[in-house]
Amino acid sequence: MSKKDASARPEARLPKGLFDISAQEIRATGEMLRVIQGVFESYGFEPLDTPAIEYTDALGKFLPDQDRPNEGVFSFKDDDEQWLSLRYDLTAPLARYVAENYQNLPKPFRRYQAGPVWRNEKPGPGRFRQFTQFDADTVGASSVAADAELCMLAADTLEALGVPRGQYVVKVGNRKILDGVFESIGLNSNDTSKHLAVLRAIDKLDRLGVEGVRALLGKGRKDESGDYTKGANLDAKVIDSVIGFVTSDELPARGAIGEEGRAELAEMDRLFKASEFGNDRVKFDPSVVRGLEYYTGPVFEAELLAPIKDERGQLIRIGSVVSGGRYDGLVERFTGEKVPATGISIGVSRLLFGLQRLGSYKESASQGPVVVLVLDRDRIADYQKMTQALRQANIRAEMYLGESGMKAQMKYADKRGSPCVVIQGGDEKAKGEVQIKDLILGATLTSIENREEYLKKQAEAQFAVPETDLVEAVRRVLSRHQA
RNA sequence: GCCGCUGUAGCUCAGUCUGGUUAGAGCGCUUGACUGUGGAUCAAGAGGUCGGUGGUUCGAGUCCACCCAGCGGUACCA
């Protein structure tokens, strides 16, 4: 091919924020999903799946405009000119589903759902443009028992995934308490922009500390890189009051709304205590905000407490791995009818990322297939037959399908992580035998100095058996390496 | 979006400050020593638009400008 052709070829590359998923990761994720599913099932939730694509207007607030239809969400036009989008979470599709099937669903409706979601935004460490969420929601229950249960579910799930107690925490807050605070400091609830600015500032408490939040509530803040963030411009006295509130352990309530929120948290606390979920698992934290305009009552999030480092040993923060709360307005968007709902979402991709970084996630090493070497090309049928015999004995096996010689076939088997290979050349065929070579045992041979021991091990690692004993012999080798 | 850092072989990087013949290392890859036998050892080999474009210069991986990409922070985050 000429150079000109080369420049016309597409570059093999992956869009940013998106990743190929290797065999190992598929196995790890699959294992994780099964564990989560087991816990969710045990809580009585019922599975549901919905498509990756929804009508954009059903997804909510990110309606594509003419110029930038893909802000935040990936969107495209159907051939009937209607906007479609890739879902950006599993909650909006749930709301659509409930609204669409309201009559026939048992109320409260409790479902779990797992699947990829997409966000068209800048990726960061532990932040991707496609990631997997695992959600559980209860729709049609206004009792905070539903909320409390989700917090317990979050804690139970993390422990089931191997996060030791004490290395995570589920933090619980309540938007009503914050609303009470806003009321008491005279923040007009119509002034949403200031409202949001204050909420955002509070949300950053754990990251920026008290002084950072103070700056954001006041004139604004400059970060280490020199970027400047505009503040909420509150009076010093009001700032003190807000800071006093979010740093308090007491959750003091202000006003009628605040009192309502406090009562809800007290009720949740009672439920936690009754089921023996102590402060080492679930903790009240006034700075938990989440979702800004979205949540209407209790809000919760879980995070990993152990410090997480990147490849270079630099500390990185991946944020919360589970988040949720009560949203009483979502279904109403469709039906006009108020339907109370509460849910949590586990960031599976992020959690897996975090657990892997912590090294606390043990991936079960998976073994490659037994490889039947092809030495005499004209006897492929024989090799295929041996392979089938192994498969029928429930042994993962394959015949070498490449074109290369024996050495390359051995390398191939090695790379595949094969426990052993089956060898039958002309000599063995004449004797009606096959050779079994144990690659795992064989790998230990090079380190043996003592000649006698070496020979002994080598005889163990590779041996001949009658053709009829093939399956039996392979089984014996496999059993050597069972964990 | 804003700020900062980094772009040299498949990977990790040296070389850039102080411009000068064919641009290096380790790992990986291919082949061979090796008997029909992976992993060890030794040897050979393949592999590079030095992120891109323009400029300065007799001469640019090296200096300058702009652009692009990646990473990190920050903003936004249902």
Side-chain angles (χ1 to χ4, degrees), chain A residues 3 6-7 11-17 59-63 71-73 85 87-95 117-127 129 133 196-197 199-201 203-204 207-208 212 216 220-230 289-295 310-312 314-317 319-320 323-325 327 329-330 333 343 345 347 368 371 373-376 400 404-429 435-449 458 461-462:
Chain A
K3 270 202 168 141
S7 66
E11 194 185 340
R13 67 206 177 110
L14 204 52
K16 65 176 172 186
L59 287 182
K61 79 183 208 196
F62 288 89
L63 288 173
E71 183 75 357
V73 298
S85 295
R87 65 187 178 201
Y88 54 77
D89 71 7
L90 299 175
T91 311
L94 170 68
V117 302
W118 294 265
R119 294 187 188 180
N120 189 5
E121 54 190 29
K122 187 187 150 188
R127 265 179 86 151
R129 295 206 296 174
Q133 290 195 326
L196 292 179
L199 287 177
R200 282 192 210 109
D203 198 32
K204 295 183 176 78
R207 201 143 45 85
L208 303 180
L216 283 175
R221 174 179 176 274
K222 204 190 243 180
D223 70 52
E224 309 115 47
S225 70
D227 190 22
Y228 180 75
T229 310
K230 221 166 69 181
V289 176
R290 311 287 327 162
L292 304 178
E293 293 174 285
Y294 182 74
Y295 291 115
D310 68 11
E311 299 81 0
R312 295 170 185 192
Q314 291 250 311
L315 275 179
I316 51 176
R317 53 174 44 254
S320 61
S323 70
Y327 51 95
L330 264 192
R333 284 203 318 115
S345 179
V371 174
L373 303 194
V374 174
L375 300 189
D376 300 329
Y400 176 74
S404 303
M406 181 170 189
K407 197 183 173 89
Q409 296 189 35
M410 290 298 298
K411 276 193 171 186
Y412 170 79
D414 186 45
K415 250 191 180 152
R416 289 295 307 274
S418 301
C420 65
V421 295
V422 176
I423 305 166
Q424 190 188 53
D427 296 354
E428 289 84 6
K429 179 64 185 169
Q435 293 263 353
I436 312 291
K437 176 158 183 167
D438 182 334
L439 293 185
I440 299 170
L441 198 57
T444 64
L445 289 176
T446 44
S447 62
I448 297 173
E449 309 253 323
Q458 193 182 39
Q462 181 168 352

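First the proteins, then the strands, lettered A, B, ... as listed; each starts at 1. Heavy-atom basis, side chains included; hydrogens, waters and symmetry copies ignored.
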Base, sugar-phosphate alone, or nothing: which one does T444(A) contact when heavy atoms must sit under 4.0 Å apart? base
Could you say whether the aromatic ring of Y412(A) and the base of G38(B) stack, counting only centre distances under 5.5 Å and plane angles under 30°? no
Roughly how many Å apart are C50(B) and A60(B), using the P atom of each and rounding to a whole number? 12 Å
If we call it a pair only when both distances are under 3.5 Å in a Watson-Crick or G-U wobble match, what pairs with C71(B)? G4(B)
Can you tell if the side chain of E121(A) reaches within under 4.5 Å of the side chain of R127(A), non-hydrogen atoms only? yes
Please give the distance between the P atoms of U16(B) and G70(B) as a whole number of Å. 28 Å
Select from L441(A) and I423(A) the residue whose nearest nucleotide in RNA chain B is closer to the 5' end of that strand. I423(A)
What does G59(B) pair with, Watson-Crick or G-U, if both distances are under 3.5 Å? none
Just call it for Q133(A): base, sugar-phosphate, or nothing, with non-hydrogen atoms closer than 4.0 Å on any strand. nothing
Under 3.5 Å donor-acceptor, R119(A) side chain and Y88(A) backbone: yes
Starting at atom CZ of R129(A), determine the distance to atom P of C77(B), rounded to an integer number of angstrom. 19 Å
Can you tell me how far the CG atom of D89(A) sits from the CG atom of L94(A), to the nearest 0.5 Å? 9.5 Å
Quick one, E428(A) and L375(A) - any side-chain contact, counting heavy atoms below 4.5 Å? no
Complement of C76(B), any strand, by Watson-Crick or G-U distances under 3.5 angstrom: none
Residue Y295(A), side-chain atoms from C-beta onward, closest of A78(B), A75(B), G38(B): A78(B)
Among the nucleotides A78(B), G38(B), G36(B), whichever has the atom closest to the side chain of K437(A) is G38(B)
Counting only Watson-Crick pairs (N1-N3 plus N6-O4 or O6-N4) and G-U wobbles (N1-O2, O6-N3), all under 3.5 Å, who is the partner of C34(B)? none
Taking the side chain as every heavy atom from C-beta outward, state whether V289(A) and R200(A) have any pair of such atoms under 4.5 Å apart. no
Give me the distance, rounded to whole Å, that separates C64(B) from C5(B) when you measure between the P atoms they each carry. 13 Å
Is it the case that G36(B) (base atoms only) and Q424(A) (side chain only) share a donor and an acceptor within less than 3.5 Å, ignoring hydrogens and angles? no
Specify the separation, in whole Å, of atom OH of Y88(A) and atom C1' of C77(B). 11 Å
Look at the side chain of R119(A) and the base of C77(B), then say whether one donor and one acceptor between them are separated by less than 3.5 Å. no
So, taking the atom named SG in C420(A) and the one named CD in Q435(A), what distance separates them when rounded to the nearest 0.5 Å? 12.5 Å
Verdict with supporting geometry, D376(A) and Q424(A), side chain to side chain contact (heavy atoms under 4.5 Å, CB included): CA-CA 9 Å; D376(A) 300 329; Q424(A) 190 188 53; over 6 Å; no
Take the protein atom CD1 of I436(A) and the nucleotide atom C1' of G38(B), then report the distance between them rounded to whole Å. 16 Å
Report, one pair per line, the protein and nucleotides 28-33 of chain B atoms (nitrogen or oxygen only) whose separation is under 3.5 Å.
none

Please state the P separation for the pair U49(B) and C11(B) - nearest whole angstrom. 12 Å
Rounded to the nearest Å, what distance is computed from the CG atom of residue L439(A) to the P atom of nucleotide U37(B)? 14 Å
Roughly how many Å apart are C34(B) and A44(B), using the C1' atom of each and rounding to a whole number? 16 Å
Distance criterion of 3.5 Å, no angle test: do you see the side chain of K204(A) paired donor-to-acceptor with the base of U74(B)? no
Across every strand shown, the nucleotide meeting Watson-Crick or G-U wobble geometry with U49(B) (both distances under 3.5 Å) is none
Just the rounded figure in Å: distance from P of A78(B) to CG of L199(A). 11 Å
Among all residues two or more places apart in sequence or in another chain, which pass the side chain to side chain donor-acceptor pair (under 3.5 Å) test with D427(A)? none
Looking across every strand, which nucleic acid part, if any, lies under 4.0 Å from K122(A) by heavy atom: base, sugar-phosphate, or nothing? base
Here the distance between atom P of A75(B) and atom CZ of R127(A), to the nearest Å, is 11 Å
Under a 3.5 Å cut-off for both distances, is C27(B) Watson-Crick or wobble paired, and to whom? G10(B)
Looking only at heavy atoms, the pair that brings V371(A) and S418(A) closest together is CG2-OG, 3.3 Å
From CD1 (I440(A)) to CG (D414(A)), nearest 0.5 Å: 10.5 Å
When E428(A) and E121(A) are each assigned the nearest nucleotide of RNA chain B, the 5'-most assignment goes to E428(A)
Whole-Å distance between G4(B) C1' and K222(A) NZ? 13 Å
Separation of A75(B) C1' from L208(A) CG (nearest whole Å): 11 Å
Taking any heavy-atom pair under 4.0 Å as a contact, classify A443(A): base, sugar-phosphate, or nothing. base
Provide the distance between the two C1' atoms, one in C68(B) and one in U18(B), to the nearest whole Å. 30 Å
Closest non-hydrogen atom pair between P419(A) and G368(A), with its separation: CD-O, 3.2 Å
Closest approach to the side chain of K16(A), judged atom by atom: which nucleotide of G70(B), U37(B), U74(B) is it? G70(B)
Under-3.5 Å donor-acceptor pair between Q409(A) side chain and U37(B) base: no
Are R207(A) and U74(B) close enough that a side-chain N or O sits under 4.0 Å from OP1 or OP2? yes
Can you tell me how far C1' in G51(B) sits from the matching atom in G32(B), rounded to whole Å? 37 Å
Would you indicate which nucleotide in U37(B), U74(B), C77(B) comes nearest to any side-chain atom of R200(A)? C77(B)
Using the C1' atom as the point on both nucleotides, what is the distance between A23(B) and C2(B), in whole Å? 37 Å
